[in-house]
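From a predicted model like this one, the values you see are computed outputs, not experimental measurements. Numbers here are sequence positions counted from 1.
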Amino acid sequence: MIRISTISFTLAAGALAVGCSSSTPQVVSGRVERAGFPAQVDAVRVVRSGSAVVESTVASDGSFSLTIPPGKGYRIELVSSGQPGLVFPRQTGVIDAAFTIRNGTKPFDLGMVRFVGDAATRTYKQGPATGGDDVECEDGVDPNGAVCVDDDDEEGATCESDGGADCVDGIDSATGQECDGGPTANQNDGETDDGESDDGALPGQAAVADHNLPAAIGCSDGEEGDD
């Protein structure tokens, strides 16, 4: 009887483990504009707390593809001299560097990834990064030198429970507005709500993609999306 009970417990534990592994990874692809970087970019990787989570070699045409598991506090780095980091200039004026994968949805294409240097000193124009009637954009820059970025962050606001975005130190990472009492009530030195560090600092050398990655992708288990 003892042996049978042990087997039954083991099978039950195995079934529970399978049931909890339903989270779906997110595929993120893009293409590096090799000629625009000060040094050759050999790979693109996703990092969290300084450690690489997943990495993709950059092909001869500059293309790459990352399969990212659900998690918070992710950043994208380009493996090169100076380790440029990908940033996301939002329509609200905020420049994000970190993002969240709650659960994977359809693959996301960043488009062309271009080097911009110090992200804080550049100006950005929101609009179709590939050009359009209202935006004159050639090679990612408009006639006034503003970097053209398409910031369609609707993916981060599809979950019923919380509006989709993370509240970091009292600021909504998608809208830039105060949340949860504002910054004065959230002096956590950049800690996200699961304790993972995200100090919000921009990389010293930055890159910008044609299409901004949403601040948060997918809904958590039990949350319903409106897609």
Side-chain angles (χ1 to χ4, degrees), residues 23-90 94-122 124 129-130 139-141 147-151 153 155-156 166 168 173 190 192 194 196-218:
S23 295
T24 306
Q26 175 67 38
V27 175
V28 175
S29 61
R31 188 156 62 94
V32 176
E33 186 187 47
R34 288 180 176 274
F37 284 79
Q40 179 174 319
V41 177
D42 298 315
V44 178
R45 65 188 179 192
V46 176
V47 300
R48 180 170 56 183
S49 301
S51 299
V53 176
V54 63
E55 183 171 311
S56 169
T57 300
V58 175
S60 58
D61 64 352
S63 63
F64 63 90
S65 181
L66 300 159
T67 301
I68 311 171
K72 295 184 177 181
Y74 285 141
R75 291 171 177 252
I76 293 179
E77 290 183 349
L78 295 101
V79 181
S80 175
S81 174
Q83 297 299 113
L86 191 61
V87 298
F88 314 108
R90 304 297 183 191
V94 174
I95 301 178
D96 281 341
F99 61 95
T100 293
I101 303 295
R102 292 194 179 95
N103 225 328
T105 60
K106 62 183 179 181
F108 188 93
D109 182 14
L110 292 165
M112 188 69 76
V113 177
R114 299 179 172 87
F115 181 77
V116 295
D118 185 350
T121 63
R122 301 300 296 266
Y124 304 92
T130 54
D139 295 332
V141 180
V147 178
C148 304
V149 179
D150 181 9
D151 182 34
D153 201 21
E155 191 73 40
D166 291 322
V168 181
S173 60
T192 56
D194 65 353
E196 294 171 353
S197 178
D198 173 20
D199 58 13
L202 298 178
Q205 298 293 302
V208 171
D210 282 346
H211 310 292
N212 273 343
L213 196 64
I217 294 180

Please report the shortest heavy-atom distance between [X] and [Y], naming the atom on each side.
| X | Y | value |
| --- | --- | --- |
| Asp109 | His211 | O-CD2, 3.5 Å |
| Gln26 | Thr105 | OE1-N, 2.6 Å |
| Arg122 | Val116 | NH1-O, 3.2 Å |
| Thr100 | Gly73 | OG1-N, 4.5 Å |
| Phe108 | Pro214 | CE1-CD, 3.7 Å |
| Ala97 | Leu202 | CB-CD2, 4.4 Å |

query = Got a sec, which pairs hit salt bridge (charged side-chain N to carboxylate O under 4.0 Å, His left out) with one end in residues 76-85, sequence neighbours left out?
reply = Arg45-Glu77

key: Test side chain to side chain contact (heavy atoms under 4.5 Å, CB included) applied to Ile68 and Phe99, step by step   = CA-CA 11 Å; Ile68 311 171; Phe99 61 95; 4.2 Å; yes

inquiry  = Contact between Tyr124 and Val208 at the side-chain level, heavy atoms closer than 4.5 Å - yes or no?
reply    = yes

Going by atom type alone, with no hydrogens or angles, which donor-acceptor pairs under 3.5 Å involve a side-chain atom of residues 34-43 and a protein atom two or more places apart or on another chain?
{"from": "Arg34", "atom 1": "NH1", "to": "Val41", "atom 2": "O", "distance (Å)": "3.3"}
{"from": "Arg34", "atom 1": "NH2", "to": "Val58", "atom 2": "O", "distance (Å)": "3.3"}
{"from": "Arg34", "atom 1": "NH2", "to": "Ala59", "atom 2": "O", "distance (Å)": "2.6"}
{"from": "Gln40", "atom 1": "NE2", "to": "Asp42", "atom 2": "OD1", "distance (Å)": "2.7"}

Check whether any side-chain N or O of [X] sits under 3.5 Å from a backbone N or O of [Y] as a donor-acceptor pair, and report yes or no.
| X | Y | value |
| --- | --- | --- |
| Asn103 | Thr24 | yes |
| Ser56 | Leu66 | no |
| Arg75 | Gly85 | no |

query = With sequence neighbours left out, what residues match Ser63 under side chain to side chain donor-acceptor pair (under 3.5 Å)?
reply = Asp61

inquiry  = Holding to side chain to side chain contact (heavy atoms under 4.5 Å, CB included), I want the full list of residues that pass it with Pro25, two or more places apart in sequence or in another chain.
reply    = Thr67

ask   = Residues two or more places apart in sequence or in another chain: which of them pass side chain to side chain contact (heavy atoms under 4.5 Å, CB included) with Thr57?
value = none

inquiry  = With rounding to the nearest 0.5 angstrom, report the CG to CZ distance, Leu110 to Phe64.
reply    = 5.0 Å

request  = State which residues pass ring pair (Phe, Tyr, Trp, His ring centres under 6.0 Å) with Phe88; sequence neighbours excluded, sorted by chain then number.
outcome  = none

